[in-house]
There are 2 protein chains.
Amino acid sequence: MSRKAREAEIYEAAARVFRRKGYHAARIQDVADELGLHKGSLYYYISTKEDLLRGLVEGPMQRMVAATREILATRHAPAQKLTRVIEMHLRHFQESKDFFGIFLREDLDFLDANAETDLRGLVRTYDALWDEVLQEGIAAGVFDAEMEVPIVRKAIIGMCNGTYTWFRADGPYPIQEIARQFAAFALDGLRPRDAARAAATTPSDLSSSSTA
Amino acid sequence: MSRKAREAEIYEAAARVFRRKGYHAARIQDVADELGLHKGSLYYYISTKEDLLRGLVEGPMQRMVAATREILATRHAPAQKLTRVIEMHLRHFQESKDFFGIFLREDLDFLDANAETDLRGLVRTYDALWDEVLQEGIAAGVFDAEMEVPIVRKAIIGMCNGTYTWFRADGPYPIQEIARQFAAFALDGLRPRDAARAAATTPSDLSSSSTA
DNA sequence: GTGAAATTCGGACGCTGGTTCAACTTTTCA
DNA sequence: TGAAAAGTTGAACCAGCGTCCGAATTTCAC
């Protein structure tokens with residue numbers, strides 16, 4: 001096994017352990033156990049426990065920002081863009097579950113303090129992109145012009161991030177179904193679907209595939 | 001100062017510290033510093049650090065369950081009950097911010113393991129009460145009958161819990177305004193308010209006080 | 001096969017942090 | 001006012017954990 005591959009193994013193991021126990025509660029020994037190594041051996045690959053965490057943090061957030069930019073660049077209707085952004089968020093969330101588990105639970109600001117990583121900046125960028133989606137909808141007259149965009153954005157993202165607490169890949173709902181329901185919920189609220197559909201000016205085209 | 005009062009001080013200080021740093025990252029010394037005491041002195045009041053955490057956990061959750069039961073017992077319309085439950089959740093959330101900060105971030109299952117506290121049970125009860133609210137709405141024909149109740153419940157609670165990440169008492173939005181927007185969002189989604197109002201069968205009476 | 005390089009081992013070191021405790025100070029109340 | 005009770009101190013103990021390092025083992029080129 002190459003050095004790179006071994007390093008990747010270690011980082012993945014660390015991600016799992018950090019998510020399960022939390023960064024501070026997790027011991028280097030736990031990471032070693034996960035790999036069947038002795039803890040001293042890890043230091044052949046890493047320098048400190050903090051660097052291990054830092055290594056995990058880079059990547060997932062950047063990918064989400066990039067994916068959001070792509071969606072924004074399309075010519076879809078606002079409601080559809082929103083649906084796709086929600087889906088995208090949930091999908092990345094699930095794919096980098098370990099990372100987000102850490103990201104949501106730990107206070108990672110101390111990482112920004114003494115290194116080149118700028119997590120907070122990335123989050124700000126991501127938020128701004130969401131706001132753009134909502135603003136487009138308002139400008140197009142299909143979203144409530146009276147809404148407070150930051151609150152609504154936080155409401156939707158909070159809704160998505162909440163999946164961390166309860167979503168299980170082997171649970172009753174596949175991630176697509178959750179995305180579908182979340183999008184429908186965001187766009188139409190709880191009002192009976194028929195009435196909502198009748199009144200809605202911008203139906204989502206994503207619900208056609210699975211009508212559950 | 002009475003013993004009870006001193007104990008309360010200690011638990012409150014611990015709550016603040018645990019929320020700021022996380023239970024595992026926080027040190028007993030930090031709690032002592034918060035009070036201007038020496039760490040040894042704390043042990044005149046507490047037995048272990050874990051008990052300190054356990055003491056914090058009891059209470060807030062029980063109060064929320066009780067408050068939800070009260071709302072359910074009223075004769076309000078489903079949409080109004082939902083609005084009130086959302087408000088209630090956010091209000092308790094803010095009032096016991098330290099507790100929830102810990103609750104959401106830490107893995108507290110280990111507390112259930114070897115003590116009489118049954119956090120998980122409480123959470124299950126709380127979820128069930130929310131589901132009742134939603135079911136009532138469906139039965140009354142004012143909520144979408146096709147929704148997956150558990151998903152929607154989790155969506156709304158997730159939305160509320162997300163406030164932990166961003167809500168600041170001195171920020172631009174008072175908690176009431178957030179509750180109002182969340183409820184409106186849940187009930188009508190993002191569709192323009194006028195169209196939503198026209199079609200809605202159960203307007204919320206809570207928005208009358210502040211129209212932002 | 002042999003030697004060097006890469007990798008892993010296993011123990012040691014030092015620090016941190018939870019907990020204990022005997023001594024000291026303050027409060028209480030007869 | 002004085003003695004007992006309540007509360008606080010500060011040092012010490014000890015276990016756990018991050019980190020280091022020389023020795024042992026494995027890998028691999030020649």
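Residue numbering restarts at 1 for every chain, and letters A, B, ... go by the order of the sequence lines.
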Evaluation steps, side-chain contact (heavy atoms from CB on, under 4.5 Å), between B:Ile86 and B:Leu90: CA-CA 6 Å; B:Ile86 290 173; B:Leu90 284 174; 4.2 Å; yes
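Rounding to whole angstrom units, OH of residue B:Tyr44 and P of C:dC21 are separated by 16 Å. The CG atom of B:Leu35 sits 13 Å away from the C1' atom of D:dT8 (whole-angstrom rounding). Rounded to whole Å, atom P of C:dA5 lies 22 Å from atom CZ of A:Arg6. A:His38 places its NE2 atom 20 Å from the P atom of D:dG22, with the value rounded to the nearest Å. If you measure from atom CD1 of B:Ile46 to atom P of D:dG7, you get 15 Å, rounded to the nearest angstrom. Atoms CG (B:Leu37) and C1' (D:dT9) sit 10 Å apart, rounded to a whole Å. At whole-Å resolution of the value, OH in A:Tyr45 and C1' in D:dG18 are 19 Å apart. Residue B:Gln29 contributes atom CD, which lies 13 Å from atom C1' of C:dT19 at whole-angstrom precision.
A:Ala26 comes within 4.0 angstrom of the backbone, heavy atoms only, and of no base.
Remark: aromatic rings of A:His89 and A:Tyr126 are close, center separation under 6.0 Å.
Distances from the side chain of A:Ile28 to the nucleotides D:dG7, C:dG18, D:dG18 place D:dG18 closest. In this structure, of D:dG18, C:dC9, D:dT8, it is C:dC9 that holds the atom nearest to the side chain of A:Ser41. Out of C:dT19, C:dT7, D:dC17, the shortest distance to the side chain of A:Arg3 is found at C:dT7.
No N or O donor and acceptor, one from the side chain of B:Lys39 and one from the base of C:dG17, sit under 3.5 Å apart.
The side chain of A:Tyr43 contributes an N or O atom lying less than 4.0 Å from OP1 or OP2 of D:dT19.
Residues B:Val57 and B:Ile102 form no side-chain contact, since every pair of their non-hydrogen atoms from C-beta on lies 4.5 Å or further apart.
Atom-to-atom distance recorded for B:Asp30:CG and B:Leu35:CG is 11.5 Å, nearest 0.5 angstrom.
Because its NZ or CZ atom is both nearer than 6.0 Å to the ring centre of A:Tyr23 and within 45° of the ring axis, A:Lys49 counts as a cation-pi partner of that residue.
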